[in-house]
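Reviewing the structure listed below.
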Amino acid sequence: RYVGQGYEIPIPIDLASNKETGFSQWFKAAFNQVYAANFGRAIKGVDVEVLSWTLTLSKAIHTGYYSDTTQETHGRDGVSTPMKTQMTYDPQTQAMVDTPVFDRADMGPGYHIAGPALISEAQTTIVVPSNFHARCDAFGHIHLVRSDEKADRSGAR
């Protein structure tokens, strides 16, 4: 945002595109361009301040990543006891159902939960409808799979 303003705008940063000019000069030009696109003009002579940075990383996955043998050899099947239950709307049955709530921190590789269920953690809750199940892979990532479908080994759904 411009110094003193109360509204921030996101500016995507492509590190490869700013090698020639230097980061601060490139960043201010990029900010002014995005600001002008949003508000019709840039404001000359006012400094720019950054309030927060967000980093998003991605990586291609190995096709063997979702294999059943990887899941079976890295943990037990199931989470034994929910923390509690609560009434939740199930989109499959279109009704309120008494739903077990599991702690995400308790889920390790190989864990499996049949829906309906909730998987709770500090920042979010994963809703597992009654026609899905959640499985924790070898890396601790949770995958939701429709119960009447076999999991696609490539990760595509």
Side-chain angles (χ1 to χ4, degrees), residues 1 5-19 22-24 26-31 33-35 37-38 48-157:
R1 70 181 186 186
Q5 284 191 321
Y7 182 76
E8 301 83 35
I9 58 173
I11 308 298
I13 297 173
D14 178 5
L15 295 177
S17 67
N18 62 50
K19 288 182 179 178
F23 182 76
S24 63
W26 174 88
F27 184 79
K28 186 159 185 174
F31 174 85
Q33 182 179 7
V34 172
Y35 190 92
N38 282 318
V48 174
E49 64 183 351
V50 176
L51 297 181
S52 63
W53 299 95
T54 301
L55 174 65
T56 303
L57 297 172
S58 63
K59 180 183 181 212
I61 58 171
H62 183 291
T63 56
Y65 179 74
Y66 292 98
S67 75
D68 291 335
T69 56
T70 300
Q71 292 171 345
E72 290 171 1
T73 60
H74 285 87
R76 66 181 193 205
D77 197 23
V79 174
S80 57
T81 309
M83 299 184 301
K84 62 181 180 177
T85 61
Q86 74 179 49
M87 293 303 289
T88 306
Y89 178 77
D90 179 28
Q92 176 63 21
T93 62
Q94 297 182 353
M96 295 297 288
V97 294
D98 197 24
T99 308
V101 181
F102 297 92
D103 186 352
R104 172 67 175 94
D106 290 341
M107 290 187 70
Y111 279 72
H112 175 268
I113 297 173
L118 299 172
I119 302 170
S120 179
E121 57 187 312
Q123 302 301 321
T124 191
T125 299
I126 299 170
V127 177
V128 184
S130 59
N131 61 330
F132 279 77
H133 67 270
R135 177 167 283 288
C136 191
D137 70 17
F139 299 98
H141 305 138
I142 295 178
H143 303 271
L144 295 181
V145 179
R146 187 181 301 269
S147 295
D148 59 348
E149 294 178 6
K150 179 158 174 62
D152 182 333
R153 293 184 191 276
S154 70
R157 299 278 180 261

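Checked by atom type and distance alone, the side chain of Asn131 never pairs as donor or acceptor with a backbone atom of Gln92 at under 3.5 Å.
Applying the side chain to side chain contact (heavy atoms under 4.5 Å, CB included) criterion to Ser120, with sequence neighbours excluded, gives Met83, Val101, Thr125. Applying the salt bridge (Lys or Arg N to Asp or Glu O under 4.0 Å) test to Glu49 and every residue at least two apart in sequence or in another chain returns Arg1.
Atom-to-atom distance recorded for Met96:CE and Gln86:CD is 8.5 Å, nearest 0.5 angstrom. Expressed to the nearest 0.5 Å, how far CG of Leu144 lies from CZ of Arg135 amounts to 12.5 Å. Residue Lys28 holds its NZ atom at 15.0 Å from CD of Gln33, rounded to the nearest 0.5 Å. Between the CD1 atom in Ile11 and the CD1 atom in Ile9 there is a gap of 4.0 Å [rounded to 0.5 Å]. The CZ atom of Phe132 lies 15.0 Å from the CD1 atom of Ile113; values are rounded to the nearest 0.5 Å. Atom CD1 of residue Ile119 and atom OH of residue Tyr111 lie 12.5 Å apart, to the nearest 0.5 angstrom.
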Trace of the side chain to side chain contact (heavy atoms under 4.5 Å, CB included) decision for Val97 with Met87: CA-CA 5 Å; Val97 294; Met87 293 303 289; 5.7 Å; no
List the steps and the verdict of side chain to side chain contact (heavy atoms under 4.5 Å, CB included) for Val48 and Tyr35. CA-CA 11 Å; Val48 174; Tyr35 190 92; over 6 Å; no
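Residue Ala138 comes nearest to Pro109 through the heavy atom pair O-CG, 3.6 Å, listed as atom of the first residue, atom of the second, then distance. The shortest heavy-atom contact between Ala134 and Ile142 is CB-CG2, 4.0 Å. The minimum heavy-atom distance between Ala114 and His133, with the atom names listed, is CA-CB, 4.0 Å.
At a threshold of 4.5 Å between non-hydrogen side-chain atoms, the residues Thr85 and Thr99 do not count as touching.
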